[in-house]
Every structure is written in structure tokens, then in C-alpha cells.
Number of protein chains: 2
Amino acid sequence: MKAVSPYCGPDGEILTIWLGLANNQFGRQRKRHEKILVPISPTETAKMHSNSVTINDIADRAGVSKSTVSRVLNSSSPVHEDKRKAVMEAMKTLGYQPNVFARSLAGGRSMTVGVSTQSVGSPFYDAVAQGVINGFAGTGYSPLFGNGQWQRDLQREVIRTLIGRRVDGLVLIGGNVELEDLNELSQKTPTIMVGRQLPGWEGRSIFIDNVDAGRVATKHLIEHGHRDIAIFKGNIDHPDAIGRYEGYCMALEKAGIALNPELVYQGDFHSQSGVLGVEQLLAKGTHFTAIFAANDMVAFGARLALSRRGIRVPEEVSIVGFDDQPEAALMTPPITSMRQPGFEMGEAAASTLMGLMRDESIEIPHLPAELKIRESVARIR
Amino acid sequence: MKAVSPYCGPDGEILTIWLGLANNQFGRQRKRHEKILVPISPTETAKMHSNSVTINDIADRAGVSKSTVSRVLNSSSPVHEDKRKAVMEAMKTLGYQPNVFARSLAGGRSMTVGVSTQSVGSPFYDAVAQGVINGFAGTGYSPLFGNGQWQRDLQREVIRTLIGRRVDGLVLIGGNVELEDLNELSQKTPTIMVGRQLPGWEGRSIFIDNVDAGRVATKHLIEHGHRDIAIFKGNIDHPDAIGRYEGYCMALEKAGIALNPELVYQGDFHSQSGVLGVEQLLAKGTHFTAIFAANDMVAFGARLALSRRGIRVPEEVSIVGFDDQPEAALMTPPITSMRQPGFEMGEAAASTLMGLMRDESIEIPHLPAELKIRESVARIR
DNA sequence: TGTTGCCATGAAAGCGGTTTCTCCTTATTG
DNA sequence: CAATAAGGAGAAACCGCTTTCATGGCAACA
């Protein structure tokens with residue numbers, strides 16, 4: 001974004017380039033074998049400013065055909081060193097940026113990947129999205145975003161739009177589109193799923209084992225002497241919520257603790273659920289010494305509700321959250337939480353997808369959930 | 001994504017279309033004036049599946065030229081009702097989706113907007129980004145993201161890339177690129193700035209008045225009897241931080257309270273700053289009864305540090321945060337915070353930019369910061 | 001009835017690249 | 001030394017769509 005002047009490259013350095021003489025009187029092209037300066041013509045200056053230097057301008061300036069320029073650009077077939085250099089110099093001088101659209105139209109690849117998010121402020125999914133953006137940074141691929149809002153038809157619409165834009169690949173973050181649709185879809189476009197486990201998608205989906213994570217979180221409470229452990233479940237049809245609940249049940253069973261339906265609160269992933277869950281337990285007079293929350297927001301809500309009621313955490317009630325969002329470590333007391341490596345999962349999605357698009361054999365890194373132990377769980381007396 | 005069968009549209013409904021006879025023996029085109037079914041040919045089926053139905057296919061099926069199809073598509077010039085209908089039907093039957101690249105290449109508009117974020121988990125900026133995504137949903141524009149990471153050269157690179165992709169407009173969320181560069185840039189591409197105040201950008205930048213917000217937040221503390229109000233400043237060169245500090249000074253001055261440098265802690269926008277700020281005040285033995293934090297994360301850090309030291313909030317020390325991220329309401333006690341309507345700002349950016357791109361006269365809605373009063377501020381005895 | 005002029009529409013020329021095809025040079029081989 | 005292979009580079013076709021240009025038909029006007 002500096003001022004552009006003849007003889008200078010975009011960074012202000014003096015340029016020397018090959019003088020190219022196209023179509024001289026001998027009918028064939030020639031180049032002189034000394035380096036000299038070729039001023040940037042007024043026409044060229046105008047083009048540079050309006051950002052419309054084309055491959056033809058480069059070809060003219062370098063004294064070659066546009067085929068050759070294209071070859072240099074893609075190193076798709078060998079080009080004589082002299083010409084290659086001339087082309088490079090011309091591109092640098094004129095600040096050439098290939099037109100992505102022309103390229104995609106002709107070449108078939110768009111260098112764009114579609115990302116379908118669900119969003120609306122879910123810290124975990126936001127972290128994944130950030131990881132994806134980050135993972136594609138500097139790779140030549142640009143991520144195109146669409147927002148599914150956890151609504152099936154909207155998600156389908158988003159995916160349609162993305163495919164309509166001829167994305168080379170697709171990252172789906174969460175969502176609940178039917179497996180059948182996804183299968184059909186992924187035949188046409190390389191697709192990676194994040195945060196959702198699907199049969200037949202091994203190697204193409206990145207997720208943590210919610211069942212096991214739920215089991216570990218519950219086990220942690222049991223190991224601290226708790227037996228009356230409440231669970232605040234997430235949305236009833238959400239696979240993550242279902243998995244975590246399953247893990248909860250497994251841990252209880254293994255410890256020989258009977259499942260008490262009174263201790264199961266069916267909520268969602270919002271903080272309000274934490275508040276309501278606590279209120280309900282208290283209203284019913286159910287005895288509990290610990291809460292396993294659907295996620296951190298729910299845990300925060302629960303913690304607040306307990307404090308409102310004058311119940312101390314962790315002395316009277318212990319809490320385990322899920323996701324380990326940054327704020328968990330800042331609560332009073334800091335909340336023990338099952339960490340999902342969202343950012344890393346997003347990055348992994350990006351690199352895996354790039355492998356997939358290149359038809360390489362890919363392997364998904366194992367990204368385990370990890371219990372971050374802090375101060376919201378106390379040993380029961 | 002349903003199975004595609006002849007006679008059926010993408011949604012499975014039975015279609016009736018005009019029979020188009022192209023180039024019949026009379027040399028001119030004809031259409032019959034009764035509706036009949038035209039089966040989808042095997043060739044067409046193949047194309048539908050590989051997502052490569054082109055304008056030519058539509059033209060053939062509808063018995064018109066592709067010029068006419070294009071006219072229908074863009075309603076750029078009047079088309080006879082009969083033909084228009086035939087074209088519409090053909091598009092529906094074949095599930096036509098225009099190729100964005102061809103369109104952009106030929107037409108000049110890409111129907112894409114660039115969004116430059118800074119990210120790395122700043123709740124406020126994430127909210128803005130969400131608002132932007134949301135604001136463009138369903139408008140035909142797709143947002144393309146790039147990540148500037150608060151690094152000047154990276155931001156420039158991102159903007160270059162976005163422009164290289166021929167975005168029709170640009171939303172810049174935060175950042176610290178030089179004004180000069182921005183001015184040059186925005187001559188070529190319609191640009192909206194979010195979260196940053198720039199001279200000469202009135203009407204094109206959406207931000208809250210940080211000075212006033214800082215003033216109001218401080219005034220709130222003063223009104224509760226506080227006089228020894230510590231401020232934890234954000235990054236030293238960050239305009240938001242500077243503005244808020246300025247407001248803090250103004251409020252003090254107006255109340256006739258001398259500025260005490262001991263009470264000014266120069267930190268950044270991370271929670272760690274809150275912890276360190278408190279530690280430093282305590283170490284120095286500086287007397288303070290309130291803290292105005294750079295943002296909520298800092299406030300959370302401060303609150304935690306105070307609790308570690310056994311200092312009660314708000315009984316002994318009051319806290320005001322900034323941003324009002326969702327977790328602020330869930331802290332114990334819930335933190336009073338200056339709300340920045342990030343999501344709404346993002347949405348406003350989207351709609352303003354669309355106006356700008358259409359050359360309409362635009363007006364930026366007034367989005368004020370608002371103090372969310374909760375329980376972290378107590379009246380001093 | 002012979003002009004004028006507008007409408008609707010098809011043909012064709014780009015848009016800026018990639019890729020195939022062809023041809024001309026050189027190096028390799030018997 | 002003739003014959004063949006291989007390498008390098010230009011011409012031209014093509015990607016799917018928009019837009020200009022040209023034209024034929026038809027209503028309006030004198």
C-alpha cells in the first residue's frame with residue numbers, strides 16, 4: 001500500500017528486468033541479454049492502481065505468451081530459466097495478483113473451503129471455528145463461513161450455498177443434518193466433520209469421546225467420595241449430551257451406585273439450565289453433594305444458584321463442568337472442568353481436510369478430552 | 001439432497017414445464033402452448049449429480065438463448081412472460097445454481113465480502129464477528145474471513161488477500177493498521193470499520209464512545225462514594241484502552257478527585273492483568289476501594305485475586321468490568337459491566353456495508369454502550 | 001401504405017485464467 | 001548422418017456467465 005513509482009517494486013526496491021521484445025520484425029521473439037530498466041508505462045500504472053493487472057500484462061512485459069506465464073505461475077511444466085525470471089520480475093514489478101475467479105473457472109479449483117458453523121455464542125464451537133481459520137491461514141485456502149443455527153433446514157441451505165460457491169472442501173462444525181444427507185454430500189466434496197461422531201465417518205470426523213469423558217468426570221466425583229451426584233443434561237436430542245449421560249451412568253454402575261432419576265435434570269446447554277437444575281433439586285428436597293454439568297455455562301449457572309441459596313462450593317456441593325472455557329479458571333472457586341481442545345480440533349480439521357483434498361492418506365490426530373482439576377470438587381467427609 | 005428423478009423438482013414435487021423446441025425445421029424457435037412434461041434426460045441427470053448444470057442446459061431445455069436465461073436471472077432487461085416462466089421451470093427442474101466464479105468474472109461483482117478479524121478468543125470481537133455473519137445471512141453475500149491477530153503486517157496481508165479475491169466490500173473488525181493505508185484502501189473497496197474510531201471515517205465506522213463509557217463507569221463508582229478507584233488499563237497503545245482511561249480521568253476531575261498514579265495499573269486485556277494488578281496494589285500497600293477493569297476478563301482476574309487474598313467483593317472492593325460478556329452475570333457476585341453491543345454492531349456493519357455497496361446513502365445506527373448494573377459495586381460506608 | 005422506433009431476443013465478444021494441441025528446436029541414438 | 005525423442009513455447013479452445021451489438025417483428029404515426 002505504498003506509493004507506486006516506475007522502476008520500483010511494491011516494496012520500493014529498484015528493479016531490473018529482462019527487456020522483452022514481442023513480435024519484432026523477424027517474426028519471432030527475442031530477448032536481449034543484458035539487464036536494463038523498463039519504466040512502468042502510464043497504462044500499467046493505472047492498472048496497478050485499480051488492481052487489474054492481468055496475465056496478459058505480465059506476458060507483454062516479459063515478452064512471452066500468457067501460456068508461459070501460467071506455467072510459471074503453477075509450475076505445471078518446465079520453463080526456461082531466463083523466461084521464468086523475466087516473468088517473475090514482471091509480476092513483482094506490476095504487483096500482479098492472479099484473479100481467483102478466472103483461475104477457479106478455468107482450473108476447477110476455487111482455493112476456498114466452506115465452513116458451516118452453528119454459533120450463537122457457544123464458546124466451544126467458537127474455539128473450533130477459530131482453530132479452523134487459523135489452520136487455513138497461509139495455506140492459500142480461504143474459509144467461507146455459513147451459519148446453521150442448529151436448524152436442520154438452515155444447515156442444508158448453508159451447505160448448498162457453500163457448494164454452490166464451488167468450495168474445494170467442507171468443514172462442518174457440529175450440526176444435526178441427517179447422516180444420509182451427509183453421506184451423499186461428501187461424495188461430491190471432501191468433507192470433515194468436527195464435534196460429531198458419525199458411523200462410517202471414521203477418519204473424517206474429529207471429536208472427543210463424550211461417553212468416556214462423561215465417565216471420567218463422574219468417576220472423579222465418585223473418587224472424592226460422592227454418591228449422590230446430580231447430572232444436568234444438555235439438549236435431549238444432542239448427541240454430546242446423550243454421550244455424556246451414558247458415561248455418567250457407566251461410572252455409577254461400575255461403582256455400584258444405583259441411578260437415581262431424581263438426580264437427573266433434563267436441561268440444555270445454557271447457564272439458565274444450571275440455575276433451574278439447582279432450584280429443582282432444592283425444591284424437591286433431593287439430597288445431592290455434587291453436580292456434573294452439561295457444560296461450563298451450565299456449571300456457572302449452577303454455581304451462582306447455589307451461592308444465592310447460601311450453599312458453599314465445594315464445601316457442601318462439588319461441581320464439574322465441561323469444555324473448560326477460559327472463564328472456568330476464573331470463577332470463585334475455579335471450576336474443575338473436562339477440557340475439549342476446541343482450537344486444536346479446528347486446526348486438525350483444517351490440516352486433515354487439506355490432506356483429503358490432495359488425496360493424501362490422512363490420519364486424524366488423537367485429541368483426548370482432559371479433566372482440568374481445580375477447586376470446585378472437595379472430598380466428602 | 002433428495003434422490004433426483006425425472007419429472008420431479010428438487011423437493012420432490014411434480015413439475016410441468018413449457019416444451020421448448022430449439023431450432024426446428026422452420027428455422028425459428030417455437031413453443032407449444034400447452035404444458036406438458038419433459039423428462040429429464042440421462043445427460044441432464046448426470047449433470048445434476050455432479051452439480052454442473054450450466055446456463056446452456058437451462059437455455060436448451062427452455063428453448064431460449066443463454067442471453068435470455070441470463071436476463072431472467074438478473075432481471076436486467078424485460079423478458080416475455082412465457083419465456084421467463086419456461087426458464088424458471090427449467091432452472092427449478094434441473095436444480096440450477098449459477099456458477100459464482102463465472103458470474104463474478106463476467107460481471108465484476110463477487111457477491112463476497114471480506115471480514116478481517118483479530119480474534120484469538122476476545123469475546124467482544126467474536127460477538128461482532130457473529131453479528132456480521134448473521135447480518136449477511138440470506139442476503140446473497142457470503143463473508144470471507146481472514147485473521148489479523150493484532151499484527152500490522154499480518155492484517156495488511158489479510159486485506160491484500162481479501163482484495164485479491166475481489167470482495168465487493170470489506171468489514172474490518174478492530175485492528176491497528178495505519179489510517180493512511182486504510183484511506184487508500186477504502187477508495188478502491190467499500191469498507192466499514194467496527195470497533196475503532198478514525199478521523200474522517202464518520203459514517204463508515206461503528207464504535208462506541210470509549211471515553212464516555214469510561215467516564216460513565218467511573219462516575220458510577222464515584223456515585224457510590226468511592227474515591228480511591230484503581231484502573232487496570234488495557235494495552236498501552238490500544239485506542240480503546242486509551243479512550244477508557246481518558247474517560248476515567250475526566251470523571252475524576254469532574255468530581256474533584258486528584259488522579260493518583262499509584263492507582264493506575266498498566267496491563268493488557270487478559271485476565272492475568274487483573275490478577276497482577278491486584279497483587280501490585282496490595283504489594284505497594286496502596287489504598288483502594290474500587291477497580292475499573294479494562295474488560296471483563298481483567299475484572300474476572302481481579303475478582304479471583306481478591307478472593308484469594310480474602311478480600312470480599314463488593315463489601316471491601318467494588319469492581320466494574322467492560323464488555324458485559326455473558327459470564328459476567330454468572331460470577332459470584334455478578335459483575336457490573338459496561339456493555340458493548342458487539343453482536344448488534346456486527347449486524348449494523350453488515351447492513352451498512354450493503355448500503356455502501358449499493359451506493360445508497362447510509363446512516364449508522366446509534367449503538368450506545370450501556371452500564372449493566374449488577375452486584376459488584378457497593379456503596380461505601 | 002411506407003417510415004419510425006421500440007421490444008424482445010439471439011449471436012458474439014469478452015472476463016482472466018488453464019490446458020490441450022501443434023510446431024519448432026535441440027539432444028539422443030543406431 | 002538420418003531418424004527419432006524430448007523439451008520448450010505459442011496459438012487457440014475452453015470454463016460459465018454478462019453485456020454489447022445487431023436484427024426481426026410489430027405497433028404507432030403521418
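Residue numbers begin at 1 in each chain, while the letters A, B, ... track the order of the sequences.
- You'll find that the side chain of A:Arg71 is closest to C:dT20, out of D:dG16, C:dT20, C:dT18.
- The base of C:dA8 has none of its N or O atoms less than 3.5 Å from a complementary donor or acceptor on the side chain of B:Ser77.
- Residue-level contact check: B:Thr54 touches the backbone only, with heavy atoms under 4.0 Å from sugar-phosphate atoms and none from bases.
- One atom, CG of A:Asp60, and another, C1' of C:dG16, lie 14 Å apart when rounded to the nearest Å.
- The base of C:dA8 is not paired with the side chain of B:Thr68 by any donor and acceptor separated by under 3.5 Å.
- Taking 3.5 Å as the limit, the base of C:dG17 and the side chain of A:Lys66 contain a donor-acceptor pair of atoms between them.
- In summary, B:Arg156 and B:Glu178 engage in a salt bridge, as defined by a charged side-chain N under 4.0 Å from a carboxylate O.
- B:Arg166 contributes no side-chain N or O that forms a donor-acceptor pair with the base of C:dG16 under 3.5 Å.
- Using a 4.5 Å heavy-atom cutoff, the side chains of B:Tyr96 and B:Leu73 are in contact.
- At most 12 non-hydrogen atoms from other residues, nucleotides or ligands lie less than 6.0 angstrom from CE of B:Met88.
- The shortest distance between the side-chain N/O atoms of A:Asn74 and the OP1/OP2 oxygens of C:dT18 is below 4.0 Å.
- Closest contact between the side chain of A:Asn99 and the listed nucleotides D:dT18, C:dT18, C:dG17 involves C:dG17.
- The side chain of A:Lys83 sits closest to D:dG10 out of C:dA8, D:dG10, C:dC15.
- In this structure, of C:dG10, D:dG8, D:dT18, it is C:dG10 that holds the atom nearest to the side chain of B:Ser65.
- If you check every strand for non-hydrogen atoms under 4.0 Å, B:Val79 touches sugar and phosphate atoms only.
- Between A:Arg61 and A:Glu89 there is no salt bridge, since no side-chain nitrogen of the basic residue lies less than 4.0 Å from a carboxylate oxygen of the acidic one.
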